[in-house]
Amino acid sequence: MLLIDGFKEKILVMSSTLTDTECKIYKIPPDQISYYSEKDKAYLTRDPRLHSFYSLPPQLDSFKEAIKIREQFPVDRTLLIDSITLSYHGMQLSDKQAYHLDLLKESNTYTITTAHQPNLFTGPLYFVYKICSAIRLTLELNKAYPEHNFIPIFVSGGEDHDFQEINHCYLYGNKIEWYQDKGGPVGRLALDNFDEVLEVFIQKIGNQKFTGKIRQMLENALSGSLLYKDFQFKLIHSLFKEYGLLVIDMDQKPLKAAFIPMLKEEILSRISRKIILETQKRLDKLGFKSQAFPRDINLFYLQTNRRDRIEYQDGKYVVLDTSISFTQEEIITELHQFPEKFSPNVVMRPLYQEALIPNLAYIGGGGEIAYWLERKDQFKHFGIPFPILIRRNSAMIINHTHQLLLEKLHITPGETLQDTDALIVQFLQNETEFDIFLDNEKNQIDYAFESIGNKAGQIDPTLEKWIQAEKVKQLKLVDQMESRIRRTVKQQQEIRVNQIKKIKDKLFPNNGLQERFDNFFQYFAADGPELIDQFIQWFDPLDPGFCIIIQNKHP
């Protein structure tokens with residue numbers, strides 16, 4: 001364990017099929033990641049304030065108890081298998097996918113699940129990180145509990161209707177955007193003009209080693225796809241089929257029909273809002289902000305190109321921004337006849353997922369874990385086992401060129417997580433023969449004036465106040481000198497200071513984590529499919545450390 005200016009960096013030297021040399025992985029403790037929210041860091045560090053908001057801690061031995069709990073809540077495995085089989089109609093399952101689908105029939109088979117909206121071309125890197133974290137955890141569990149089976153599941157969130165959240169991605173800093181004027185669930189959108197945005201995406205990748213592979217993958221996913229969710233489904237399938245990942249499209253009538261009892265209770269009792277608001281009050285008192293806003297009825301009503309909230313108004317169930325309304329009897333009849341028209345929002349979606357899948361753990365990002373922590377009592381009310389919450393792995397990739405520059409600047413990978421100004425000041429101090437901070441001089445001035453003030457105060461107390469005022473003036477003057485010295489040194493090191501700013505911008509685009517901005521395919525273009533192998537090897541979702549991946553190879 002290295003201690004470098006406050007950053008603890010655990011260096012793991014790992015072999016890599018991507019390089020001819022060794023690959024270094026730095027693990028940074030989560031409490032040192034300023035980009036994480038306070039609730040995120042609290043969960044990752046097992047803050048006792050959050051203990052009552054989850055069922056079991058995210059550790060390997062918790063799964064023994066999770067299995068016992070899940071055994072008491074069987075799911076309709078035939079329904080689940082039929083739904084998955086329907087989703088894969090016309091696609092060739094890999095041997096491992098077929099094996100996993102067959103395993104789902106067995107009562108001792110459980111899932112590790114993650115989910116996400118269908119971001120354009122997978123969107124930011126963390127989309128892929130979530131799936132790789134889920135796959136890695138199933139590998140660990142199959143070793144630890146050989147008497148059971150564990151398979152990875154990805155739930156595609158195609159019922160969300162915020163198109164502006166999913167219609168773009170960033171490739172080498174360039175925004176690639178799909179323009180579409182229709183509304184409703186994004187997964188149900190027609191692929192109008194999609195071939196054009198696909199071509200722009202390929203052009204921005206440029207002529208790289210695996211550009212042809214990416215083009216083939218995207219064009220195959222688009223071929224025969226009528227809806228955006230079809231394209232997204234096939235793209236995820238092509239990336240992860242060899243790892244046995246099964247993708248579930250929850251926007252299916254049979255699955256919604258199985259969830260009718262809980263949808264009915266949400267409509268009639270409107271209980272979720274009350275339960276979650278009570279939980280949020282408890283979290284607020286502990287210093288944690290609420291994550292999701294619960295509605296009286298946490299369901300949407302679906303029509304062609306529309307997804308509108310349902311509200312209870314004056315004794316009727318009203319579909320907002322439409323002329324549609326129902327009496328209580330009418331909406332229950334509608335629910336039974338057309339369950340596919342009812343869409344859970346963020347408050348009900350976790351229940352929907354966990355009620356139908358034999359799941360033990362949900363893998364999500366910091367924001368997701370935050371709203372899942374508000375759901376435990378809601379799950380208890382509906383009688384559904386609350387899964388183990390696992391924070392997905394976070395990572396930053398540093399390529400060979402950037403690593404060489406960091407070495408030249410004598411900056412360690414972990415130190416890049418500092419604020420840019422702090423990093424520059426640290427660099428200037430390291431590169432200067434003398435101390436650019438005048439702390440010793442300030443201490444000497446402070447001591448001198450204190451001594452003078454004590455002596456003068458014995459003669460006349462008013463003199464002591466005057467001397468203290470003069471001390472403040474002198475210290476301010478020294479502050480100005482210190483600032484001038486640092487500014488001068490900064491000017492002398494202008495080239496290197498600009499290099500630091502440039503590399504910070506590259507590693508932290510938009511002053512945020514790389515994983516929340518860069519698209520996966522800009523890395524895939526250079527490294528190819530084996531990059532996924534490496535993520536699964538490097539990640540460990542039960543280890544909360546932030547991964548810094550050093551690619552020690554020439555581009």
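Computed from a predicted model, the values in this text were never measured in an experiment.
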Q: Please tell me if the side chains of Arg392 and Thr114 come closer than 4.5 Å, counting only heavy atoms from C-beta onward.
A: no
Q: Could you tell me whether a side-chain N or O of Lys209 sits under 3.5 Å from a main-chain N or O of Ala525, the two making a donor and an acceptor?
A: no
Q.
Would Glu159 and Lys229 count as a salt bridge (charged side-chain N to carboxylate O under 4.0 Å, His left out) here? Give the steps.
A. CA-CA 9 Å; Glu159 288 187 56; Lys229 69 177 181 178; over 6 Å; no
Q. What's the shortest heavy-atom distance between Met91 and His237, and which atoms?
A. SD-CD2, 3.9 Å
Q | Near-ring test Tyr54/Trp372, centroid separation under 6.0 angstrom | A | no
Q) Side chains of Pro358 and Thr109: does their closest heavy-atom pair fall under 4.5 Å? A) no
Q.
Is it true that, when you exclude Lys506 itself, more than 12 heavy atoms of the residues, nucleotides or ligands shown sit nearer than 6.0 Å to its NZ?
A. no
Q: Mark yes or no for whether Thr211, through its side chain, and Gly206, through its backbone, hold a donor-acceptor pair below 3.5 Å.
A: yes
Q. Do other residues, nucleotides or ligands put more than 12 heavy atoms under 6.0 Å from Lys213 NZ?
A. no
Q) Looking at residues at least two apart in the chain, or sitting in another chain, which of them share a salt bridge (Lys or Arg N to Asp or Glu O under 4.0 Å) with Arg375? A) none
**Q.** Heavy-atom check, side chain of Leu218 versus side chain of Phe201, under 4.5 Å
**A.** yes
Q) Will you find, in the side chains of Glu242 and Ser94, an N or O donor that is under 3.5 Å from an N or O acceptor? A) no
(Q) Side chains of Ser133 and Asn393: any donor to acceptor distance under 3.5 Å? (A) yes
Q: Please check if the side chain of Asp230 supplies one atom and the backbone of Leu227 the other of a donor-acceptor pair under 3.5 Å.
A: yes
Q: Kindly indicate whether the side chain of Leu507, heavy atoms from C-beta on, has any atom under 4.5 Å from the side chain of His402.
A: yes
Q) For the side chain of Tyr43 and the backbone of Leu389, is there at least one donor-acceptor N/O pair under 3.5 Å apart? A) yes
Q: Verify, without hydrogens or angle tests, whether Thr416 (side chain) and Thr412 (backbone) share a donor-acceptor contact under 3.5 angstrom.
A: no
Q | Leu189 side, atom CG; Phe231 side, atom CZ - distance, nearest 0.5 Å | A | 13.5 Å
(Q) Just by distance, no angles: are the side chains of Lys501 and Thr420 close enough, under 3.5 Å, to form a donor-acceptor pair? (A) no
Q: Step through the shown structure and confirm whether more than 12 heavy atoms of other residues, nucleotides or ligands are within 6.0 Å of OH on Tyr172.
A: yes
Q.
Please identify which of these residues, Trp178, Phe233, Phe163, meets the ring-ring contact (aromatic ring centres under 6.0 Å, His included) condition with Tyr228.
A. Trp178
Q: Scan side-chain atoms only and decide if Glu368 and Tyr362 contain a donor-acceptor pair under the 3.5 Å cut-off.
A: yes
Q: May I ask you to decide whether Glu354 forms a salt bridge with Arg349, counting only side-chain N to carboxylate O separations under 4.0 Å?
A: no
Q. What are the two closest non-hydrogen atoms of Lys41 and Asp31, and how far apart are they?
A. CD-CA, 3.8 Å
(Q) For Asp421, is there any backbone N or O sitting under 3.5 Å from a side-chain donor or acceptor partner on Asp419? (A) yes
(Q) I'd like to check Lys241 versus Tyr88 (side-chain heavy atoms, cut-off strictly below 4.5 Å). Are they in contact? (A) no
Q: List the steps and the verdict of side chain to side chain contact (heavy atoms under 4.5 Å, CB included) for Leu360 and Thr111.
A: CA-CA 6 Å; Leu360 298 180; Thr111 64; over 6 Å; no
**Q.** Under 3.5 Å donor-acceptor, Asn220 side chain and Gln216 backbone
**A.** yes
Q: For the residue pair Glu407 and Gln403, confirm or rule out a side-chain donor-acceptor distance under 3.5 Å.
A: yes
(Q) For Phe300, does the six-membered ring have the charged nitrogen or CZ of Arg307 within the cation-pi criterion, i.e. under 6.0 angstrom from the centroid and within 45° of the normal? (A) yes
Q. What about Phe127 and Phe154, are their ring centers closer than 6.0 Å?
A. yes
**Q.** Ring-face cation contact, Tyr36 with Arg391, 6.0 Å cut, 45° max
**A.** yes
Q. Any cation-pi pair here, Lys504 with Phe508, using under 6.0 Å and within 45°?
A. yes
Q. Which heavy atom of Ile388 sits nearest a heavy atom of Pro57, and at what distance?
A. CG2-O, 3.9 Å
Q. If you measure from the Lys or Arg side-chain nitrogens to the Asp or Glu carboxylate oxygens, is any gap between Asp47 and Lys39 under 4.0 Å?
A. no
Q: Under the side chain to side chain contact (heavy atoms under 4.5 Å, CB included) rule, what do Leu405 and Gln499 come out as? Steps first, then yes or no, please.
A: CA-CA 8 Å; Leu405 180 55; Gln499 288 176 332; 3.8 Å; yes
Q | Residues Gln117 and Glu165: side-chain donor-acceptor under 3.5 angstrom | A | yes
Q: Assess whether ring-ring contact (aromatic ring centres under 6.0 Å, His included) is satisfied between Phe121 and Phe521, documenting all intermediate values.
A: CA-CA 8 Å; Phe121 305 126; Phe521 282 104; 7.4 Å; no
Q. Hey, does the side chain of Gln514 reach the backbone of Ile397 with a donor-acceptor pair shorter than 3.5 angstrom?
A. yes
Q. Between Lys130 and Glu515, is there a side-chain N and carboxylate O pair less than 4.0 Å apart?
A. no
Q.
Under a 3.5 Å threshold, yes or no: a donor from one side chain and an acceptor from the other, between Asp527 and Gln551?
A. yes
Q | Sub-6.0 Å ring centroid separation between Phe150 and Phe63 | A | no
Q. Roughly how far, to the nearest 0.5 Å, is the OH atom of Tyr26 from the NZ atom of Lys24?
A. 4.5 Å
Q: Apply the test side-chain hydrogen bond (donor to acceptor under 3.5 Å, both in side chains) to residues Ser225 and Gln232: give CA-CA distance (whole Å), side-chain angles for both, the deciding distance (0.1 Å), then the verdict.
A: CA-CA 9 Å; Ser225 295; Gln232 176 78 1; over 6 Å; no
(Q) Does any part of the side chain of Ile112, heavy atoms only, come nearer than 4.5 Å to the side chain of Ile363, both counted from C-beta? (A) yes
Q. Just by distance, with hydrogens left out, do Asp518 and Tyr523 show a side-chain donor and acceptor under 3.5 Å apart?
A. yes
(Q) For the CG atom on Asp162, are there more than 12 heavy atoms of other groups (residues, nucleotides or ligands in this structure) within a distance under 6.0 Å? (A) yes
Q | From Leu141 atom CG to Lys143 atom NZ, the distance as rounded to the nearest 0.5 Å | A | 11.0 Å
Q) When rounded to the nearest 0.5 angstrom, what is the spacing between CG in Asn519 and CG in Leu120? A) 8.0 Å
Q) Any idea which heavy atoms bring Val186 and Pro118 closest together, and the distance? A) CG2-CG, 3.7 Å
Q | Gln208 side chain to Ile205 backbone, donor-acceptor under 3.5 Å | A | yes
Q: Go through Met396 and Ile549 one step at a time and tell me if the side chain to side chain contact (heavy atoms under 4.5 Å, CB included) criterion holds.
A: CA-CA 6 Å; Met396 177 172 68; Ile549 301 166; over 6 Å; no
Q. Is a side-chain N or O of Arg136 found less than 3.5 angstrom from the main chain of Gln537, in a donor-acceptor match?
A. yes
Q) Shortest non-hydrogen contact from Leu299 to Pro344? A) CD2-CA, 3.8 Å
Q.
Could you tell me if Asn359 and Thr113 have a donor-acceptor pair between their side chains, going purely by distance under 3.5 Å?
A. yes
Q) Does the gap between the ring centers of Phe535 and Tyr129 come in under 6.0 Å? A) yes
Q) Any idea which heavy atoms bring Ile131 and Ile236 closest together, and the distance? A) CD1-CG2, 4.2 Å
